[in-house]
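For reference, the structure discussed in these notes is given below.
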Amino acid sequence: MRVRKNDGPVKWVLITISALFLFVMLILPLIYVIVTSFKDGVQYFVNAITDEYAKKALILTVWVTAITVICNTVFGIFAAWCLTRYSFKGKKRISALIDLPVTVSPIIVGLIYVLTYGRQSAVYPILKNLDIKIIFAVPGIVLATVFVTLPFVAREIIPVLNAKGTEEEEAAALMGASGFRIFKDITFPHIKWSLLYGIVLCAARAMGEFGAVSVISGHLRGKTNTLPLYIELLYQGYDFTGAFAVSSVLVIMAVCILILRSIFEKNLIKNKD
Amino acid sequence: MMNKKAYKRIIPGFGLSFGITLLYLGFIVIIPLCSLVIFTAGISPGVFLETVTRPRVLSSYMVSFSTALAAAVVDAVMGVIIAWVLVRYQFPGKKLMNGIIELPFALPTAVAGISLTHLTTDKGWIGKMFHDAFGIDIAYTRLGITVALVFIGIPFVVRSVEPVLEKMDRGVEEAADMLGAGRTKIFFDIILPEIAPALFSGFSLSFARGLGEYGSVVFIAGNKPYETEIAPLMILSQLQEYDYTSATAIALVMLIAAFIILLINSYIQSRSAKITGGMA
């Protein structure tokens with residue numbers, strides 16, 4: 001049954017407004033990146049993205065993203081399991097701590113890591129003696145990226161586990177199954193798709209993180225420059241075509257992520273039914 | 001209700017998962033935040049006040065606050081319209097529209113930043129239109145910062161409001177319609193109160209995110225002192241001069257502002273859960 005008989009004009013006006021807004025705000029920037037990156041010809045584009053520093057930046061970005069995703073996935077599974085399978089004091093506080101990183105400005109994330117491991121911190125002499133560099137080095141970049149993307153995996157699994165309840169796991173435990181076996185055979189099949197979904201979100205944010213990494217990296221060309229930082233470098237050197245060419249690599253990665261995301265989402269909905 | 005003391009943990013693995021969770025949170029979140037607190041404790045109140053009330057710092061707070069607020073309001077309005085369209089209507093291209101909503105999450109902020117900047121300068125595709133037709137410049141003004149923040153914040157509102165609209169009981173709307181209520185009356189008296197908590201949640205998330213956003217804004221802002229210099233950039237420039245004291249002081253105010261916004265939100269959410277909890 002329809003609420004309104006004369007839904008016609010309003011429906012299409014609202015759809016047009018939404019489509020126009022999304023086209024101008026979201027799609028046009030994508031088109032612009034692709035078009036501009038080929039402005040000076042295909043050869044220029046190829047040169048820009050096969051530049052030695054561009055390659056190094058890409059490799060660093062892939063490494064940082066991989067390490068971040070692995071760390072936060074392992075953490076996400078344990079944290080979600082812990083928060084949904086047991087009742088204990090301080091649960092709300094832990095849950096709030098997991099959500100906290102998204103609300104902290106990336107620049108402030110960079111700042112707190114500089115304060116923790118930088119020259120004026122208490123641990124700096126110890127780190128220096130051990131010859132460990134964190135600030136203005138790759139470990140700092142990884143730590144900041146891990147902080148920024150910390151909740152993504154956990155946040156996707158927690159609602160699924162909460163909705164599912166604990167009866168099956170409890171029954172398995174009473175029948176003597178080990179913790180690992182319970183997870184593998186009972187829990188994992190339920191969270192499979194939401195886990196992948198969370199991993200994709202985490203990877204997307206990790207590869208694009210700019211503010212936190214820009215505070216902490218020190219911008220050493222070829223050493224601590226991730227792809228977004230490299231784009232900034234090109235842009236500030238007025239090599240706009242080069243900046244957009246390298247950006248188009250990230251645009252393609254982002255579009256792949258959106259496609260994966262909608263595949264996982266479809267499976268998520270199917271699993272619910 | 002189960003007696004809490006008598007409740008025994010049946011599923012194995014509590015110690016391990018609890019330990020890993022705490023250890024990880026401690027290392028990644030708690031220790032760095034504590035170092036911020038410790039460092040702040042070493043700053044004398046006089047120095048702190050002097051730093052955060054410098055005219056240039058105050059104006060950067062104003063820039064960040066006003067643009068983030070404006071962007072969150074635009075996102076709230078557009079977010080409701082888009083969520084409504086996605087939930088209530090069938091039309092060609094709906095799947096594509098649904099798929100690209102999360103683009104701002106997936107696209108690196110620096111890429112979004114340089115692309116939006118070039119689109120909105122007075123020579124850009126969109127900027128030229130506005131420049132020629134209305135004499136309005138977008139890039140390198142506060143309007144430009146707002147545009148970048150609208151881009152960043154739109155998914156928060158759409159994704160908060162969508163599930164509530166999906167679950168809404170349409171019977172009430174139908175009843176109101178049959179009793180002769182107009183379209184606007186139905187929206188403001190029935191639909192809006194229902195989605196208000198979710199809408200506020202999306203609004204405050206995009207507001208808080210906008211306050212701290214750096215990557216997409218720094219290119220489009222132009223970073224003129226007193227005009228388009230945002231607070232995160234103030235923090236960064238203090239850091240680059242190794243003035244950690246000023247950077248921390250400025251950051252602390254921003255951090256507290258973001259927490260206040262989220263606290264208000266969680267208060268509103270828990271209150272509305274109490275009100276509707278009885279009916280569910």
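All heavy atoms count here, side chains included; hydrogens, waters and symmetry mates do not. Within every chain, numbering begins at 1; the chains are lettered A, B, ... in the order of the sequence lines, protein sequences first and strands thereafter.
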Which answer fits [X], side chain, backbone, both or neither, if we ask what part of it has an atom under 4.5 Å from a heavy atom of chain A?
{"X": "B:Thr248", "result": "both"}
{"X": "B:Leu107", "result": "both"}
{"X": "B:Ile154", "result": "side chain"}
{"X": "B:Gln238", "result": "neither"}
{"X": "B:Leu211", "result": "neither"}
{"X": "B:Ile126", "result": "side chain"}
{"X": "B:Thr117", "result": "side chain"}
{"X": "B:Leu36", "result": "both"}
{"X": "B:Phe105", "result": "backbone"}

Segment of [X] engaging chain B (4.5 angstrom heavy-atom cut-off):
{"X": "A:Ser178", "answer": "backbone"}
{"X": "A:Ala80", "answer": "neither"}
{"X": "A:Asp99", "answer": "neither"}
{"X": "A:Ile77", "answer": "neither"}
{"X": "A:Leu14", "answer": "both"}
{"X": "A:Tyr235", "answer": "side chain"}
{"X": "A:Leu115", "answer": "both"}
{"X": "A:Val109", "answer": "neither"}
{"X": "A:Leu111", "answer": "both"}
{"X": "A:Ile182", "answer": "side chain"}
{"X": "A:Ile257", "answer": "side chain"}
{"X": "A:Pro101", "answer": "side chain"}

Checklist entry - What class does the angle between the rings of B:Tyr242 and B:Tyr244 fall in, given that below 30° is parallel, 30 to 60° is tilted and above 60° is perpendicular? => result perpendicular
Item to check | B:Phe187 and B:Trp84 aromatic ring geometry - parallel, tilted or perpendicular at 30°/60° bounds | outcome: perpendicular
Next on the checklist: Less than 4.0 angstrom from a charged side-chain N to a carboxylate O is my criterion; do B:Arg170 and B:Glu173 meet it?
Outcome noted: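 No, this pair does not count.
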What option among [options] has the most heavy-atom pairs under 4.5 Å with chain A?
{"options": "B:His118, B:Arg209, B:Glu102, B:Met254", "answer": "B:His118"}
{"options": "B:Gly93, B:Gly19, B:Gly215, B:Ala258", "answer": "B:Gly215"}
{"options": "B:Ile235, B:Val29, B:Leu252", "answer": "B:Val29"}

Item to check | chain B interface, residue from A:Leu150, A:Val200, A:Leu83 that has the most non-hydrogen pairs under 4.5 Å | outcome: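 Max contact count across the listed options: A:Leu150.
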Item to check | Residue, of A:Gly118, A:Cys82, A:Gly208, that accumulates the most heavy atom pairs under 4.5 Å with chain B | outcome: A:Cys82
Checklist entry - Going by the side chain to side chain donor-acceptor pair (under 3.5 Å) test, which pairs reach into residues 101-120 of chain A, not counting sequence neighbours? => result A:Thr116-B:Ser35
